[in-house]
Amino acid sequence: MKYICKYLLSLLAFIILNNSYSKQNIIQNIRTSDKPDKLTTRIVLDLTHKTAYSVFILDNKPRLVIDLEATESRKSFDLKSKLIEKIRINNNGKGVIRLVFDLKGKVFIDKNFYLKKDENNLFRLVLDIKLSNKLIKQSSKNNNIKIKKTFTITLDPGHGGLDPGAVRYSYREKDITLLAAKELKGLLEKKGYKVFLTRNKDEFVSLRKRRNIAKKNSSDLFISIHVDSVKKKSTRGTSIYTLSDKASDKVTAMLAERENKVDLIAGIDKEVDNEVFSILLDLQRRDTKNASASFAEIYVNKVRKNGYRSLRRPHRQAGFAVLKSPDIPSVLVELGFLSNPKDAKYLSNKKSRARVLKALSEAIVDYVKTRSKI
Ligand SMILES: [Zn+2]
């Protein structure tokens, strides 16, 4: 089995809801059984309602994640399986319960489907997970299974070409963002991450293309780098933007409408109806949004810890088009203000610029750690 994404193989599944879509779903039980082939484990969730769910595999410390529209769950389950180490349950209180199965090896999702109500009037969500062939070969050679993954980041130097961005004193935003992105790339590559840039030189790249580059590279994180500018010269310091709720809702609605919507989510069935698709997209967007916000918070803390100047309210929300990827956590970082003489000088000098870039790279390291703890 070939994995499309290095870090996150997102296989979204869905279900038509028989016109009985309800958020009052309760997880009554979770059962597992190993199949005689010794490679497959069947997971069965007993549910009071048939609701939307998404399921994906994380390769790093192999985990199976199920996000399910549900309000309640039993706290613990007695699972006995060759492939499953343990299960963790996280109820966000907002109608989605995340089940994380810690796995003993790298698997893929072989099947996932709903069975009709059983004699206890419960729906059964069935998932078959299977050890991947590659892994079977590996484990026969050596029992110590090692999973390799590379966290991938796309850095987006703002502006370029015809669009200089802010121009103040003798500095142009597009030059500073490109230099900063290249330097940050160097820092991150030293830490072992895979890094792509949306532009390597002074050229114009459309916002949509910038997002597409991130997508094409199966990025785990997208960071757009800018330098702000305002009328008030005294304003200085860094800030970080994530997509606003309003913009985010709009994106979800728009995407759901779009004809090519199926391209967005690997593995989703083309026959899925619009309503269910919106719910799924919403689940995915919620995860992306939370991840983006969590990165922003980590960055703000790093900046403060490192004594770098930030705006009074450094984490902000806006409808920037470049942040609208539904499946890649995305942030826009304003390194400082070109309109402030001190910031302008600070950011145009490689040595002083390194300080904010260090905070940014440290934030990425911390963020990667939190993601692998899911
Ligand atoms: Zn800009």
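In this structure, Thr242 and Ser330 approach most closely via the heavy-atom pair CG2-O, 4.3 Å. Nearest heavy atoms, Ile87 versus Ile30: CD1-CD1, 3.5 Å. Minimum heavy-atom separation, Ala363 to Ile298: O-CG2, 3.6 Å. Tyr367 and Thr370 get closest at one heavy-atom pair: O-OG1, 2.6 Å. Here the closest non-hydrogen pair linking Thr288 and Ser325 is CG2-O, 4.0 Å. Closest of all the heavy-atom pairs between Lys324 and Leu243 is CG-CD1, 3.8 Å.
Of the listed residues (Asp228, Leu311, Ile240), just one forms a side-chain contact (heavy atoms from CB on, under 4.5 Å) with Glu334, and that residue is Asp228. Just one residue in the list Tyr299, Phe295, Phe320 forms a ring pair (Phe, Tyr, Trp, His ring centres under 6.0 Å) with Tyr241, and that residue is Phe320. With Ser244 as reference, Gln317 is the one residue of Lys289, Arg316, Gln317 to meet the side-chain contact (heavy atoms from CB on, under 4.5 Å) rule.
Under the 3.5 Å distance criterion, the side-chain polar atoms of Arg210 are matched with a main-chain donor or acceptor of Pro157. The backbone N or O of Gly161 lies less than 3.5 Å from a partner atom in the side chain of Asp202, making a donor-acceptor pair. Side-chain atoms of Asn349 come within 3.5 Å of backbone atoms of Lys351 as a donor-acceptor pair (strictly under, hydrogens ignored).
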Checking Tyr53 against Asn112 for the side chain to side chain contact (heavy atoms under 4.5 Å, CB included) test, could you report, in this order, the C-alpha distance in whole Å, the side-chain angles of both residues, the deciding distance, and whether it holds?
CA-CA 10 Å; Tyr53 65 95; Asn112 60 99; 2.8 Å; yes
Verify salt bridge (Lys or Arg N to Asp or Glu O under 4.0 Å) between Asp156 and Arg211, making sure each step is shown before the conclusion.
CA-CA 9 Å; Asp156 172 45; Arg211 288 202 311 259; over 6 Å; no
Verdict with reasoning, Thr51 to Gln24, per side chain to side chain contact (heavy atoms under 4.5 Å, CB included)
CA-CA 9 Å; Thr51 56; Gln24 303 309 311; over 6 Å; no
Pair Tyr193-Asp220, side chain to side chain contact (heavy atoms under 4.5 Å, CB included): steps then yes or no
CA-CA 11 Å; Tyr193 303 128; Asp220 300 303; over 6 Å; no
Please walk me through it: do Tyr346 and Leu335 pass side chain to side chain contact (heavy atoms under 4.5 Å, CB included)?
CA-CA 10 Å; Tyr346 196 93; Leu335 297 176; over 6 Å; no
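Remark: Leu125 CG to Leu122 CG distance equals 12.5 Å, nearest 0.5 Å. Here CD of Gln28 is found 9.0 Å from CG of Asn120. Values are rounded to the nearest 0.5 Å. We find the OG1-NZ distance between Thr40 and Lys130 to be 4.5 Å, quoted to the nearest 0.5 Å. Of the inter-residue distances, the one linking His159 atom NE2 with Ile225 atom CD1 reads 11.5 Å to the nearest 0.5 angstrom. Atom CZ of residue Arg355 and atom OG1 of residue Thr238 lie 12.0 Å apart, to the nearest 0.5 angstrom. Atom OG1 in Thr177 sits 10.5 Å away from atom CG in Leu338 (nearest 0.5 Å).
With a 4.5 Å cut-off on side-chain heavy atoms, Leu99 and Leu45 count as touching. Considering only heavy atoms from C-beta on, Lys174 stays 4.5 Å or farther from Leu178 through its side chain. Within the 4.5 Å cutoff, the side chain of Ile43 has heavy atoms near those of the Leu64 side chain. Contact annotation: the side chain of Leu332 approaches that of His226 to within less than 4.5 Å [non-hydrogen atoms, C-beta and beyond]. Looking at Phe101 and Leu83, their side chains never come closer than 4.5 Å, going by heavy atoms from C-beta outward. The side-chain heavy atoms of Thr152 and Phe196, taken from C-beta on, include a pair separated by under 4.5 Å. Between Asn25 and Phe123 the shortest side-chain heavy-atom distance does not fall below 4.5 Å. Within the 4.5 Å cutoff, no side-chain heavy atoms of Lys209 are placed close to those of Thr198.
When only modelled atom types and interatomic distance are considered, Arg168 and Ser229 share a side-chain donor-acceptor pair under 3.5 Å. Side chain to side chain, Thr154 and Ser219 meet the donor-acceptor criterion of an N or O pair below 3.5 Å.
In the hydrophobic clustering of this structure, Val205 does not group with Val333; members are Ile, Leu, Val, Met, Phe, Trp, Tyr whose side-chain heavy atoms approach within less than 4.5 Å, directly or through other members. Grouping the Ile, Leu, Val, Met, Phe, Trp and Tyr side chains by contacts below 4.5 angstrom, directly or via other members, places Leu79 with Leu47. In the hydrophobic cluster analysis, where Ile, Leu, Val, Met, Phe, Trp and Tyr join through side-chain heavy atoms closer than 4.5 angstrom, Ile213 is grouped apart from Val331. Under the 4.5 Å side-chain heavy-atom criterion for Ile, Leu, Val, Met, Phe, Trp and Tyr, Phe337 and Val303 are members of distinct hydrophobic clusters. A single hydrophobic cluster is not seen to contain both Val167 and Val227; linkage of ILVMFWY side chains at heavy-atom distances under 4.5 Å, directly or through other members, places them apart.
Using a 4.0 Å cut-off between charged nitrogen and carboxylate oxygen, Asp34 and Lys80 do not count as a salt-bridge pair. Using a 4.0 Å cut-off between a side-chain N of Lys or Arg and a carboxylate O of Asp or Glu, Lys302 and Asp366 qualify as a salt bridge. The pair Lys35-Asp128 meets the salt-bridge criterion, since a charged nitrogen lies less than 4.0 angstrom from a carboxylate oxygen. Between Asp102 and Arg88, at least one side-chain N (NZ, or NE/NH1/NH2) sits under 4.0 Å from a carboxylate O, which counts as a salt bridge.
Lys233 is linked by a salt bridge (charged side-chain N to carboxylate O under 4.0 Å, His left out) to nothing, counting only residues two or more places apart in sequence or in another chain.
The stretch residues 340-349 participates, sequence neighbours left out, in these salt bridge (Lys or Arg N to Asp or Glu O under 4.0 Å) pairs: Arg236-Asp343.
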